[in-house]
Amino acid sequence: MDDSMTQHPLLDQLNDKQRAAVSAPERHMLVLAGAGSGKTRVLVHRIAWLLQEYHLSPYSIMAVTFTNKAAAEMRGRVEALVGSSTRAMWIGTFHGLAHRLLRAHYMDVGLPQNFQILDSDDQQRMLKRIMRSLNLDEKRWSPKQAQWFINAKKDEGLRAEHLDGLDYNEQTYKEIYATYQAACDRAGLVDFAELLLRAHELLRDNAIVREHYQRRFRHILVDEFQDTNAIQYAWVKMLSGGGRGENENFVTIVGDDDQSIYGWRGAKIENIHQFNRDYPNVETIRLEQNYRSTNTILTAANSVIANNTDRLGKELWTEGGTGEPIDLYAAINEMDEARYIASRIEAWHEQGNALQDVALLYRSNAQSRVLEEALLHARIPYRIYGGLRFFDRQEVKDALAYLRLLANRDDDAALERVINTPTRGIGARTLDIVRDGARQRQLSLWQAAKQLVQEKVLTGRAANAVNTFIELIDQLEDETSDDLLGKQVDRVIKASGLMAMYEAEKGEKAETRVENLKELVNACENFDQLDANMEEDLTPLNAFLAHAALESGEEQADEYQDAVQLMTLHSAKGLEFPLVFMCGVEEGMFPSQQSFEEAGRLAEERRLCYVGMTRAMQKLVISYAEQRRIYGQEKFHTQSRFIGEIPAENLHHIRMQSASPSFGRQPNYGRFRTSASHEAFTETGFQLGQRVRHAKFGEGTVLNYEGSGPQSRIQVNFDDVGAKWLVVAYARLDRC
DNA sequence: GTGAGCTGCGTTTTT
DNA sequence: CGCAGCTCAC
């Protein structure tokens, strides 16, 4: 590479590999980007390079991500780098871009112009209704399973009619799938998986549309490619002409097979391999230099992931220092674990470090509870990721349902939600009649309701109530359609009685609901259709509704408060923290019980472990509990196999230093006693958490004790035979 | 229409 | 064990 190239401002601060990826000639590329290797940076600089050096129009570039957050970050950084608008560029999520295609070509795919998006909550309610209408045994068939089945098939690109060779169970799900799809089609509703499936069918079946986009998008860049499922892969392939079309299309995929943690929802790591087979002359570039973690952390993470087979192969390295060893805390139970973590955070904070630099990672959400209790007790502020998001809140969804009805009367899901919210005398009986009528006549609920009133199938109070509702919606549209969006929403919320309903409720919860409704009006006032990447020819209302469905909104505010972050290992992906705690690293928790059966799932757990470890910049603390209460039952665990895969020299073992009986689950001690000094030894003469040896049972850890004097008993979790209660006087335990 | 009381369920999550 | 969702009685 000559000097003029290396001095290009876009290549300035990049390492050789990054530079090679950014300045590569136009071609298909596979960038294997390890954790913390500057992946987004490469992607962003590559786009800028295409614009500046190859003088490509922003119009000819598409960049695809999985989350809105990633898309927004990419757009922002590209804009900052090239200093001009990127509006013409298609940067977005798979779902967002598919939605865009469907809006632009709704007629070609047989959708009404006002089609609405069904989120997974809506989808489940819809399925529940459909399964009732099919008179299925509710003990045997669950909407949840049906939802799983349908989405999995759609993710594979399969429609109900494509399914054959099914067993009896699947046959039923197929029927549900078909009925559900017919209902969605009638109502103009599109679920998330449907966005992708239908966009793919559009490109597949419509040569004119397909060729138009193939001509347009000279470069397609896909982030997190290891997380793509079958339909997403097929979609990219279709858009790019498979890389062998008559047009010059180039696809760049960026990903890390070691960070594929979404196999359970249909992601296929093999898509990375498949890309190499499908596209000609793919250049592979590996980004292995890590700019995030200490050498110790990387060595440990590399050792763990090395236990997986079928890897593309990659080893992270750093020019940085060794750093501190990884601490391993062996807790006697989950409360001890939580208390230890809280004490470590206190120490960290006292040394002048920020709490927001600390993350607590766990395998499952249920684990957060005990951690929260300990943090609360220690008065350490914390924030939990993955709560309910704005557009997912009940009251907000109610309001949106009214708006959806204004946009599209046939939206059955919306109608079901609000026809009797607030209550207006339309009870279960009346609704059943309307549902039956709709099914028999193959109409939407709205149309059926109208007909049934007209034909006097519905009479008296019921007819009156239904009529009032119909008139309310019609009138609302009439009167507010000329309003600006914010005004319109404000009037709809009030005239529908929704606001009054929540105002009448009392309590803190109700107050928040009222606040949220006001906030929705606010969001509408500030909504910028173009900023949201919605086409101009979409009505503002439809644009907003699509926006609400596709981006369920940010998490709650108060982000400015310095607080520890709690989240699952999955949601930690892509983030980094100076201090990371990985908790509950026990066999049966992590790897989870359910992953034991299949090697593939175990490998995914290991990748999750790799993801977790590589979040840590300076210091990683791993902990596990010998005993843990799960669903009200005491479980005894051993440390996770993943811990054993870390080189011993990188680990620093810690056991409980000052034992307190409260951690031995004695009654009446409360969950977290103040940390005043407690006797380190139990009345048995053994320390809680201490390692002991028994002639027959081998080695184990002291977990608990009860009684005193000659009857005193002690509970030991033996490595080989599990937990046992022993009478100390007879057990002849030795200290290890 | 509302609330007590019962039942069933219980990785991981984005769109 | 803790919850959400549902039923049934008023």
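Because only heavy atoms are used, hydrogens play no part in the values below, and waters and symmetry mates are left out as well, while side chains stay in. Everything numeric in this text was worked out from a predicted model, so none of it was measured. Lettering follows sequence order; numbering is per chain, from 1.
Across all their heavy atoms, Thr93(A) and Phe66(A) have their closest contact at CG2-O, 3.6 Å. Between Asp119(A) and Phe192(A), the shortest heavy-atom distance links the atoms CA-CE1, 3.6 Å. Residues Ala543(A) and Leu538(A) approach most closely at CA-CD2, 3.7 Å, considering heavy atoms.
At dT12(B), one or more side-chain N or O atoms of Asn365(A) fall inside 4.0 Å of OP1 or OP2 (strictly under the cut-off). One finds no side-chain N or O of Asn229(A) lying less than 4.0 angstrom from the OP1 or OP2 phosphate oxygen of dT14(B). For Arg629(A), no side-chain nitrogen or oxygen approaches OP1 or OP2 of dG2(C) to under 4.0 Å. Residue Ser592(A) has no polar side-chain atom (N or O) positioned under 4.0 Å from OP1 or OP2 of dT12(B). Within the structure, every side-chain polar atom (N or O) of Thr423(A) is placed at least 4.0 Å from both OP1 and OP2 of dG1(B).
Comparing dT12(B), dT14(B), dC1(C) by their nearest atom to the side chain of Thr67(A) picks out dT14(B). The side chain of Arg363(A) lies closest to dT12(B), out of dT14(B), dG1(B), dT12(B). Ranking dT15(B), dT12(B), dG1(B) by closeness to the Ser120(A) side chain, first place goes to dT15(B).
Backbone-only contact: Thr93(A) has heavy atoms under 4.0 Å from sugar-phosphate atoms and none from a base. Within 4.0 Å of Asp191(A), counting heavy atoms only, lies no atom of the nucleic acid at all. Tyr631(A) comes within contact range of at least one nucleobase, with a heavy-atom separation under 4.0 Å. Within the 4.0 angstrom heavy-atom criterion, no nucleotide atom of any strand lies near Glu224(A). Residue contacts shown for Phe590(A) are absent, as no nucleic acid heavy atom lies under 4.0 Å away.
Residues passing the ring-ring contact (aromatic ring centres under 6.0 Å, His included) test with Tyr180(A): none are found, sequence neighbours excluded. Qualifying salt bridge (charged side-chain N to carboxylate O under 4.0 Å, His left out) partners for Arg103(A), counting only residues two or more places apart in sequence or in other chains: none.
Considering Asn717(A), Leu703(A), Asn704(A) as possible partners of Ile332(A), the one that fulfils the side chain to side chain contact (heavy atoms under 4.5 Å, CB included) test is Leu703(A).
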Item to check | Letter per nucleotide, 5' to 3', of nucleotides 3-10 of chain C [B base touched, S only sugar-phosphate touched, - untouched; heavy atoms, 4.0 Å] | outcome: S--S----
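Tyr233(A) has its ring centre no less than 6.0 Å from the ring centre of Trp235(A).
Distance, Ile419(A) CD1 to dG1(B) P: 14 Å, rounded to whole Å. Counting to the nearest Å, the C1' atom of dT13(B) and the CG atom of Asp155(A) are 13 Å from each other. Rounded to whole angstrom, the span from the CG atom of Leu388(A) across to the P atom of dT14(B) amounts to 12 Å. If you measure from atom CD1 of Ile261(A) to atom C1' of dT14(B), you get 12 Å, rounded to the nearest angstrom. Separating the CG atom of Asn151(A) from the C1' atom of dT12(B) is a distance of 16 Å, rounded to the nearest angstrom. The CZ atom of Arg607(A) sits 18 Å away from the P atom of dT12(B) (whole-angstrom rounding). Following rounding to the nearest Å, Leu550(A) (CG) and dT15(B) (P) show an atom-to-atom distance of 9 Å. Atom C1' of nucleotide dT14(B) and atom CZ of Phe66(A) are separated by 9 Å, given to the nearest angstrom.
Here, dG5(C) and dT12(B) have their C1' atoms 23 Å apart, quoted to the whole Å.
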Look for any protein N or O under 3.5 Å of an N or O in nucleotides 3-9 of chain B and output each such pair with its distance, or none.
none

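DNA chain B is contacted by both Leu608(A) and Gly96(A); Leu608(A) maps to the nucleotide lying nearer its 5′ end (nearest heavy atom per residue). Looking at which nucleotide of DNA chain B each of Thr568(A) and Gly425(A) is closest to, the 5′-most match is held by Gly425(A).
Once the 5.5 Å centre distance and the 30° plane angle are applied, the aromatic ring of Trp264(A) is found stacked with the base of dT12(B).
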Extract all donor-acceptor atom pairs below 3.5 Å that involve side chains of residues 588-598 of chain A and protein atoms in other chains or at least two apart in sequence.
unit_1    : atom_1 : unit_2    : atom_2 : d
Ser595(A) : OG     : Ser592(A) : O      : 2.7

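No donor-acceptor pair under 3.5 Å is formed between the side chain of Glu416(A) and the backbone N or O of Ala413(A).
Listed by first then second residue, pairs satisfying salt bridge (charged side-chain N to carboxylate O under 4.0 Å, His left out) with a partner in residues 259-269 of chain A read Glu156(A)-Lys268(A), not counting sequence neighbours.
Between Phe390(A) and Leu520(A), the closest side-chain pair of non-hydrogen atoms falls below 4.5 Å.
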